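These figures come from a predicted structure and were not determined experimentally.
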2 protein chains.
Amino acid sequence: MPLQRFEKLDPDRQQAILAAARTEFAARGFSGASYNAIIKAAGLSKGAMYYYFADKADLCRTVIERVLAQLADAAGELGPFDDAPGFWREIRALTGRAMLEMLAMPELADLTRLIYGEGSSSEILGPLIERAEAWCTETLAAGQPVGAVRSDIPLSFLATAVLGLLVHTDRWIAERLDTLEAAELERLSLACLDMVEHLATPVPDPNPARA
Amino acid sequence: MPLQRFEKLDPDRQQAILAAARTEFAARGFSGASYNAIIKAAGLSKGAMYYYFADKADLCRTVIERVLAQLADAAGELGPFDDAPGFWREIRALTGRAMLEMLAMPELADLTRLIYGEGSSSEILGPLIERAEAWCTETLAAGQPVGAVRSDIPLSFLATAVLGLLVHTDRWIAERLDTLEAAELERLSLACLDMVEHLATPVPDPNPARA
DNA sequence: ACGGTTTCAGACCGCTGGTCCAACTCACGG
DNA sequence: CCGTGAGTTGGACCAGCGGTCTGAAACCGT
C-alpha cells in the first residue's frame, strides 16, 4: 500500500520505480537490497521516493503484492467439481497454470520466494505470509465438502504444512532448473502434487479400528 | 568456525560472547541483529571481537553450530530396527527427544528456525541449510533398505519436502505455543510425523496397474 | 632490558534506511 | 497580474550499521 499520491503519478514513472524495485528485491532479497540503489535506478530523489512510499518495506510489499496479483490472475480460479478426484484435478490445473507463469517469468518466482525466505522472522512481510496461508486455507476448505480434504486437524495447520512442502520443493527445483530435464521437472512437480494430495486426503492409511 | 584464537580465550569470556550473540540472534534474526550491540553486551571492544571472529556471519554460524550440536546430542542416534514400522518408531523417538529439548530451551528453537528463515536467500547461512538437508537425506536413506522410504524420486528432493513441512509446521506451532493445550500440541506433533511417514513411504496409494 | 608477538581499544570509513526543510511548480482567487 | 497555498521535489543531514586499521599496551623467551 503505497501512499495514495503514488496512484496519481505518471504511469511511466510508476512503472520505472516498480521495475527498479522488482529487479533489486528479486536479486538481493529484502534486507540485502539497497533502497538507495533502487532510488538511483528509478531516477528520482530520496525526497520523492519517501513522498510516495512510507519506507523500504512499503515499497517491497507493494512490489510483491502486484506480483502476487499477477500470479493469481494467471492461476485463475478453481473450476467446478463435485467429488474428490474432481477437486484434485482442479487443484492440479490451477497449480499448473501458476507454474507456467512462474517459469515464464523467473523474477516472479524469486519475489514469491522472498515472502517466505525472509518474512518469517521479521514482521515486515508477515502480512503477506498470512495472506498466502489464508488463501491456501480457503482453497483447501473448498475441498472439504466433497471429502477431498481431511478435517481432523486445524485447516490452517494443514495449509501451513502444504505450503511449507511446496515452498521448499520449489526452491529445490529452482536451484537445479538449469540441470533439470523438462521431463524430470514435470515428473517432480507431479510427485509434489501427489504428496500434497496425500497430505490433505482424509485418513490416508488408517488401520481400521478393530470392531 | 571462529578464528583459532577464540579457543584459547578464557572460557568465561567465550561464554559471555556466545551468550550475548545467542540472545541477540534469537531475538532479531541474522540481519536484524546488531553486531555492535552484541559487542557491547559481551563487554569487549570492536577490535577484540574482530580479533576472534572474522565477521558477523562467522559469529552467527558459530552460535548456530553449537546449538545444532546440542540438539543433535539431545536427539541422539536412530536406534536399531529391521523393518519399516521399526524405522518409523525410531524416527518418532528421535524427533520426540529433539522436541523435548527444544521445548525446554526456546532460544534453541528460534536459532534453528533462523537457518531456514533467512538462509535461503543469502549464502551466509547456506552451508547450514545444506548440512541440515544432508543430515535429513542420510536419515531417510537409512530407511530405504527396510522399505520404509520410497526411492522413485531423488532422496534429496524428498528430504527437502520433509524438512519444509517440518520447519513450517514447527513455526505454526511456535506461534501458538501459548494458546495451545499440551494434549493438542502432542496430537499435532504426531499428526506431523504421520504426514512425514506418508510422504516418505513408498507408493503410498497407487491404483495397482491393471494386469 | 630487549625485540617480537599477541591482545586489544577505539577512531575511522563508506554505507545504510530514514528525516527534514528549503525551494520549486502550478492552479486558483482577487 | 499578482499573490497565495497546496502539492511536489532535491538533497543535506542523521544515527547507526558492519568492517578496517593504527598503535599502544601486555606478555614472552632470551
Engineer: Could you tell me how far apart B:K46 (NZ) and D:dG16 (C1') are, to the nearest whole angstrom?
Structural biologist: 9 Å
Engineer: Closer to the 5' end of DNA chain C via nearest nucleotide, is it A:A33 or A:G47?
Structural biologist: A:A33
Engineer: Checking B:R176 against B:W172: charged group under 6.0 Å from the ring centre and within 45 degrees of the axis?
Structural biologist: yes
Engineer: Starting from P on C:dA9, measure out to NZ on B:K40 and report it in whole angstrom.
Structural biologist: 15 Å
Engineer: Using OP1 and OP2 only, check whether a side-chain N or O of A:N36 sits under 4.0 Å from C:dC15.
Structural biologist: no
Engineer: Closer than 4.0 angstrom, basic N to acidic O: yes or no for A:D194 and A:R92?
Structural biologist: yes
Engineer: Would you say a side-chain N or O of B:S34 is under 4.0 Å from OP1 or OP2 of D:dG16?
Structural biologist: no
Engineer: Between B:Y50 and D:dG19, is there a side-chain N or O to OP1/OP2 distance below 4.0 Å?
Structural biologist: yes
Engineer: For A:Y35 and A:F30: C-alpha separation, side-chain torsions, deciding distance, then whether ring-ring contact (aromatic ring centres under 6.0 Å, His included) applies.
Structural biologist: CA-CA 9 Å; A:Y35 202 37; A:F30 176 72; 9.1 Å; no
Engineer: Hey, what's the ring geometry for B:F53 with B:F6, parallel, tilted or perpendicular (30° and 60° as the breaks)?
Structural biologist: tilted
Engineer: Take the protein atom CZ of A:R28 and the nucleotide atom C1' of C:dC15, then report the distance between them rounded to whole Å.
Structural biologist: 14 Å
Engineer: Measure the distance from CG on B:L44 to P on C:dT6 and round it to the nearest whole Å.
Structural biologist: 20 Å
Engineer: When you measure from the side chain of A:K56, which nucleotide among D:dG19, C:dG17, D:dG10 comes out closest?
Structural biologist: C:dG17
Engineer: Can you check whether A:Y51 has a side-chain N or O nearer than 4.0 Å to OP1 or OP2 of D:dT9?
Structural biologist: no
Engineer: D:dG18, D:dG10, D:dT9: which one has an atom nearest the side-chain heavy atoms of A:Y52?
Structural biologist: D:dT9
Engineer: From NZ of A:K8 over to P of D:dG7, roughly how many Å is that when rounded to an integer?
Structural biologist: 7 Å
